[in-house]
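Here the structure is laid out as structure tokens; the discussion comes afterwards.
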Amino acid sequence: MARKKRKVPGLNASSTADISFILLIFFLVTTSMDTDSGLARRLPPPPEDEQDEAQIDVKERNVLMVKVNAAGQLMCGGDFIEITQLCDKVKEFVKNENNSATMPEKHAKNIPLLGVCAVTDKHVISVQTDRGTSYNVYFQVQNELVRAYNELRDELSKAKFGRVYSALDDEHQAAIREYYPQKISEAEPKNYGGND
């Protein structure tokens, strides 16, 4: 009797490809990716054809100067303050509750859903840093400025609509933003003390 030759089973390559694909997906899903971090800022529109920066006239009373030196010291409106005081200083400046002549000018503006309001929407917060200012101090200053606007918007939103700003719909948020537009201008860093 002749012996039958046994067939040797072949290697199933399809399962290897499946395993490789599953491992690839696993590593893509579980690997942490570095994400960019930074400040969300909307750039102003480009100047019109014949408009240059010299034509932009901002009254001195409408500008709050915030300067940060290389040592992390903060000057706001001519006074040295702590970073923790910046939010309150900005709120006081932007609100100008007593219509002070040294703070932003108020004018009447008809805002949808709010009616005719006395607003200070011509104000500008100008931030100037030293070339040696640390990123940590810079971000703390920026956070305080944004916090000031957020608090102003929340206060107005609660007073007018009974809810915080983030809980409003788009139309109501647009009205609050028109009342308190966020105007933060960053000047080119200077070298206040020390060498370049």
Side-chain angles (χ1 to χ4, degrees), residues 38-45 47 51-109 111 114 117-160 164-166 173 175-196:
L39 300 171
R41 288 285 180 263
R42 178 178 290 168
L43 296 175
Q51 179 187 11
D52 61 3
E53 291 181 28
Q55 291 177 327
I56 299 172
D57 183 28
V58 178
K59 293 182 181 176
E60 187 175 332
R61 72 179 277 187
N62 290 335
V63 179
L64 178 64
M65 293 295 298
V66 177
K67 296 182 178 184
V68 187
N69 66 16
Q73 295 170 319
L74 182 69
M75 180 180 271
C76 179
D79 301 321
F80 280 100
I81 63 170
E82 297 296 319
I83 290 178
T84 54
Q85 298 172 297
L86 182 59
C87 178
D88 291 332
K89 281 282 219 184
V90 170
K91 285 173 63 174
E92 178 188 355
F93 179 79
V94 173
K95 280 171 92 169
N96 190 11
E97 286 181 305
N98 301 323
N99 201 14
S100 169
T102 59
M103 292 188 180
E105 57 188 328
K106 287 192 166 200
H107 66 93
K109 185 173 186 178
I111 300 174
L114 295 176
C117 307
V119 297
T120 60
D121 61 356
K122 294 180 180 176
H123 75 275
V124 175
I125 310 297
S126 178
V127 180
Q128 179 134 45
T129 58
D130 187 276
R131 286 190 174 95
T133 302
S134 73
Y135 284 117
N136 183 36
V137 171
Y138 173 78
F139 282 119
Q140 286 179 40
V141 168
Q142 291 292 335
N143 284 339
E144 289 300 303
L145 295 177
V146 171
R147 184 166 73 99
Y149 280 104
N150 289 342
E151 288 182 10
L152 285 169
R153 289 173 177 176
D154 275 344
E155 289 168 12
L156 180 63
S157 178
K158 286 177 191 173
K160 297 292 185 181
V164 294
Y165 174 77
S166 60
Q173 283 186 355
I176 299 292
R177 280 194 310 272
E178 194 170 341
Y179 191 99
Y180 284 130
Q182 183 173 303
K183 295 188 173 183
I184 301 171
S185 169
E186 295 195 38
E188 184 178 345
K190 300 279 186 192
N191 194 17
Y192 293 118
N195 302 323
D196 282 330

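Computed from a predicted structure; not experimentally measured.
- For residues 96-105, every residue pair satisfying the side chain to side chain donor-acceptor pair (under 3.5 Å) rule, not counting sequence neighbours, is listed here: Lys59-Glu105, Asn62-Glu105, Ser100-Thr102.
- In plain terms, the two heavy atoms of Val124 and Phe93 that are nearest each other are O-CE2, 4.2 Å.
- Taking NZ of Lys106 as the start and NZ of Lys95 as the end, the distance is 9.0 Å to the nearest 0.5 Å.
- Remark: Glu144 CD to Leu74 CG distance equals 9.5 Å, nearest 0.5 Å.
- In this structure the side chain of Val66 never reaches within 4.5 angstrom of the side chain of Gln128, judged on heavy atoms.
- Using a 4.5 Å cut-off on side-chain heavy atoms (C-beta onward), Val146 and Gln182 make contact.
- For Thr120 (side chain) and Val94 (main-chain N/O), a donor-acceptor pair under 3.5 Å exists by modelled atom type.
- For Tyr179, the ring-ring contact (aromatic ring centres under 6.0 Å, His included) criterion is met by no residue, not counting sequence neighbours.
- Note that the CD atom of Glu186 and the CD1 atom of Ile184 stand 8.0 Å from one another [nearest 0.5 Å].
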Donor-acceptor contacts, no H, no angles, side chain residues 81-92, under 3.5 Å, sequence neighbours left out:
unit_1	atom_1	unit_2	atom_2	d
Gln85	OE1	Glu82	N	2.7
Lys91	NZ	Glu151	OE1	2.9
Lys91	NZ	Glu155	OE2	2.8

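- Checked by atom type, the side-chain pair Glu178/Gln173 shows no donor-acceptor distance below 3.5 Å.
- Under the 6.0 Å distance and 45° angle rule, Arg153 does not count as a cation-pi partner of Tyr180.
- Asp121 has its side chain within reach of His107: a pair of non-hydrogen atoms, C-beta onward, lies under 4.5 Å apart.
- Between Val68 and Met75, every side-chain heavy-atom pair lies at or beyond the 4.5 Å cut-off.
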Is there a side chain to side chain contact (heavy atoms under 4.5 Å, CB included) between Ile125 and Ser185? Walk through the geometry before answering. CA-CA 6 Å; Ile125 310 297; Ser185 169; over 6 Å; no
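- The two residues Asn69 and Thr133 have their closest heavy-atom pair at O-OG1, 3.3 Å.
- For Asp154 (side chain) and Val164 (main-chain N/O), no donor-acceptor pair under 3.5 Å exists by modelled atom type.
- Distance check: Lys67 NZ to Phe80 CZ gives 10.0 Å after rounding to the nearest 0.5 Å.
- Atom NZ of Lys160 has 12 or fewer heavy atoms from other residues, nucleotides or ligands within 6.0 Å.
- Of all non-hydrogen atoms in Ser126 and Val63, the two that sit nearest each other are CB-CG1, 4.0 Å.
- Here the side chain of Ser134 pairs a donor or acceptor atom with the backbone of Val137 at under 3.5 angstrom.
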